Amino acid sequence: GGDMSGSTLAENLGSTDIEVQSSQGGTGSGGNIYVNESVSWHSGTTLTLKVVNNIYINNVIDAGADGGGRLVLKFGQGNANGYVTGSDGNPTTTLADYYLGSNGKVRLQSGANFATQLGSAGARREFNVITTLAELRASGSSDFALGDDIDASETRSSGFAPLTLVNGRYVDGLGHAISTLNISAS
């Protein structure tokens, strides 16, 4: 429920890019967006969630099959630096963010299918979405996000070389896990 159902949003994403915006307290949201129903589309279009304050993903966002899709999260857009905007319209001292609840998960295909932006003047951070162990091994120095759970059981016998995390590199699980990963000493 809410301002737009998950099924209506998915239907619209079937043919065009969609940007869902919050406004400061516009419909009782306090400048936040809550994804409380699942949203699934596979048409290659982009869903952008643009909020004054925070994004709360409490259900599944799924663009991981067939033609896939792209997700862009713009949070803290009420001011240039990304601080939560208070009910008085002024920035607080708390940075905005996006959160995945206990049922929240984002499923995406491999590639450049996820991006974030903190603050209206903030730089857009592009993530390389990975869905396999081979892609994890080849992730290099780019920011990456998990687009699905990864079963790393093959590393039980062969091991897995530790990733070199470059200062400032971001990794986001998007509600997913890498299971049975055996890190080998190099």
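Just the heavy atoms: all of them, side chains too, but no hydrogens, waters or symmetry mates, feed the values below. Values in this document were obtained by computation on a predicted structure and should not be read as measured data.
- Checked against side chain to side chain contact (heavy atoms under 4.5 Å, CB included), Leu95 has the following partners two or more places apart in sequence or in another chain: Tyr83, Leu118.
- Residues Ile33 and Val20 meet the side-chain proximity criterion, which asks for heavy atoms closer than 4.5 Å.
- Residues passing the side chain to side chain contact (heavy atoms under 4.5 Å, CB included) test with Thr8 are Met4, Ser5, Asn12, sequence neighbours excluded.
- Listed for the Asn79 side chain is no donor-acceptor partner under 3.5 Å among the backbone atoms of Gly119.
- A donor-acceptor contact shorter than 3.5 Å links the side chain of Asn32 to the backbone of Asn54.
- For Asp17, the side chain to side chain contact (heavy atoms under 4.5 Å, CB included) test picks out Thr45, Thr46, with sequence neighbours left out.
- For Tyr98, the ring-ring contact (aromatic ring centres under 6.0 Å, His included) test picks out Phe75, with sequence neighbours left out.
- In this structure, CG in Leu146 is found 11.0 Å from CZ in Phe127, a value given to the nearest 0.5 Å.
- With a 4.5 Å cut-off on side-chain heavy atoms, Leu73 and Leu71 count as touching.
- Taken from CG in Leu49 to CD1 in Ile18, the straight-line distance is 11.0 Å, to the nearest 0.5 Å.
- Side chain of Ser43 to main chain of Ser15: no donor-acceptor pair is present (N/O by atom type, distance under 3.5 Å, no hydrogens or angles).
- Of the possible donor and acceptor atoms, none in the side chain of Thr48 sits under 3.5 Å from a partner among the backbone N and O of Glu19.
- Judged by distance alone, the side chain of His42 and the main-chain N or O of Gly67 form no donor-acceptor pair under 3.5 Å.
- With a 4.5 Å cut-off on side-chain heavy atoms, Thr131 and Ile150 do not count as touching.
- Contacts classified as salt bridge (Lys or Arg N to Asp or Glu O under 4.0 Å) and involving residues 95-121 (residues at least two apart or in different chains) are given here: Asp62-Arg107, Lys105-Asp149, Arg107-Asp148.
- For Gln77, the side chain to side chain contact (heavy atoms under 4.5 Å, CB included) partners are Lys50, Lys74, Gln117, Ser120, not counting sequence neighbours.
- Panel note: side chain Glu126, backbone Asp143; no donor-acceptor pair is recorded below 3.5 Å.
- The backbone N or O of Ala112 lies less than 3.5 Å from a partner atom in the side chain of Arg70, making a donor-acceptor pair.
- Side chains of Asn58 and Asn103 form no contact here, defined as non-hydrogen atoms less than 4.5 Å apart.
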